[in-house]
Number of protein chains: 2
Amino acid sequence: MSSETDDLRGGLGRNLTYGLLEHLGRQIVTGAFAETPFPTEADLSEEHGVSRSVTREAVKMLTAKGLLTARPRQGTSVQPVANWNLFDADVLRWLLERKFSPELLRQFNELRAAIEPAAAALAAQTADARGLALIEAGFARMVAAEAGDDDGLNADIAFHLAILRASGNPFFAQFRDVVATALRTSIRFTNRIVGRTADLAAHGAVKDAICAGDPARAHAAMTAIIGDVMTVIATEQAHHHA
Amino acid sequence: MSSETDDLRGGLGRNLTYGLLEHLGRQIVTGAFAETPFPTEADLSEEHGVSRSVTREAVKMLTAKGLLTARPRQGTSVQPVANWNLFDADVLRWLLERKFSPELLRQFNELRAAIEPAAAALAAQTADARGLALIEAGFARMVAAEAGDDDGLNADIAFHLAILRASGNPFFAQFRDVVATALRTSIRFTNRIVGRTADLAAHGAVKDAICAGDPARAHAAMTAIIGDVMTVIATEQAHHHA
DNA sequence: CATGTCTATTTATATGATTAAAATGAATTG
DNA sequence: CAATTCATTTTAATCATATAAATAGACATG
């Protein structure tokens, strides 16, 4: 086993294929092949010290995620960014790890501003007992976190994901990765949990509106939360520029 | 070349791997493996008359799309629906081809109701000359379609996609597949272009608001369009039940 | 000038062998 | 009896090599 393959095993991948997937995925989103053409599968295999099977299977996965395309004789090449599946958890993670970007964080939250209030309104209309229970459990964790008995970030994430799920719409539920990522990144950027006690009250308002079956109030309350986040991001970004 | 492989070539796939991808993708979303376990790669290869390479690469692509997971000794198995990447164009298409579902159409449009007004508002704030030109071109096509000089469905799709792109947010732009699919499906369901002349006026209102740089009006106008679609779907669905 | 043919390159496919991971259940041990 | 260890066995993971298919580009041909 060569040292190159050890690198691949060391990555997030449980095995060589997933290791190579991670490595290539990161390289692609960092623009490593913007100028130079993407290597042939023979070159890739040799460079990373793995068999052609491993290379081909990693390339196929990247193709499935929209990052690559392969044709005989023409070779393999990177697809335009518009074709990348940004809602794929791996792609999202690679984009984020590549470099920290306030721009990307803003775009995340523009999406949240569109999705989460709508999800909250739907939840208020249609959530079942189990859905409501999860929302309340998430909020309870946030209260506990305030007292230092739980991790604030993960409590916050659990709360928002519970609402997405309670919307009863699988398309909304898909945004869990984006939302979780956005929240984690917000923390890294602002280096603190946005808002704190004011934030806790705002979350409580969302919870109450959903439990009361009031879609309009749930929508408004969630809009307020994300509006606060946007404000913090904007001011923080201004500080950076100053 | 056996007859099984001919089937795979005949599908949407340009080659055996993509043919098998299509075949398995459709089988999975139709619940063909809900009771019976997913076959081992040896069985799959034999059953479809292809080599293990082809099988493994197709399985890897399905894994990348969230439909499958594979582990030694345990075998390959179908993932819970919550893990499927619904925003993948292939997965979306398979879900739709499986059987027509008014329920899915409604969920599509709930998502549209959250996304598109927000995208229109962003476009009104930030669209550049090229973005505006594409929106106007899309609207011009709809006008031409009214006179019978263009295809109404594709003109409608072009208009909505232009707005998503003009939002300047790559996450919003990702929804082109969902929106295009929702529009195509709406047509198939209602068997006509929703609204016609009234619809054309509504689209014109969105275009004007964006060109005027008025986010609130753009948001409201787009909300109205999708509200109309939802109404048509609901009444049509009621007819079916009657 | 257009059109067909040949050639080289690259992915696509096939096959067989070996290795590694993980669950099962038997054997062992306290 | 309960827990733990360990060999067995099943399956995917990996490697290596050979052949097929596709196509861009050069070249020839009418």
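Numbered from 1 within each chain, the chains take letters A, B, ... in sequence-line order. Just so it is clear, the model here is predicted, and its values are computed rather than measured. Only heavy atoms go into these numbers, but all of them, side chains included; no hydrogens, no water, no symmetry mates.
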Counting primed atoms, P, OP1 and OP2 as sugar-phosphate and everything else as base, the B/S/- map of nucleotides 6-12 of chain D against protein heavy atoms under 4.0 Å is ---BBBS

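For the side chain to side chain contact (heavy atoms under 4.5 Å, CB included) with Leu96(A), the qualifying choice from Val91(A), Thr185(A), Val29(A), Leu105(A) is Thr185(A), the only one to do so.
Regarding contacts with the backbone of dT14(D), every side-chain N or O of Ser51(A) stays at 4.0 angstrom or more from both OP1 and OP2.
Taking 4.5 Å as the limit, some side-chain heavy atom of His48(A) sits within range of a side-chain heavy atom of Leu24(A). At least one side-chain heavy atom of Phe139(A) sits less than 4.5 Å from a side-chain heavy atom of Leu200(A).
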Would Phe87(A) and Phe175(B) count as a ring pair (Phe, Tyr, Trp, His ring centres under 6.0 Å) if you check the C-alpha gap in whole Å, the side-chain angles of each, and the deciding distance to 0.1 Å? CA-CA 10 Å; Phe87(A) 296 126; Phe175(B) 292 102; 5.3 Å; yes

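Residue Leu21(B) contributes atom CG, which lies 16 Å from atom C1' of dT13(C) at whole-angstrom precision. One can place CG of Leu44(B) at 13 Å from P of dA13(D), the figure rounded to the nearest angstrom. Note: CD (Glu57(B)) to C1' (dA12(C)) measures 8 Å, nearest angstrom. Following rounding to the nearest Å, Arg52(B) (CZ) and dA16(D) (P) show an atom-to-atom distance of 15 Å.
Residue order along DNA chain D, read from the 5' end via each residue's closest nucleotide, puts Tyr18(A) first among Tyr18(A) and Ser53(B).
Sorted pairs that involve residues 28-39 of chain B and meet side-chain hydrogen bond (donor to acceptor under 3.5 Å, both in side chains), not counting sequence neighbours, are lacking altogether.
Salt-bridge annotation for Glu22(A) and Arg93(A): present, with a side-chain N of the basic residue lying under 4.0 Å from a carboxylate O of the acidic one.
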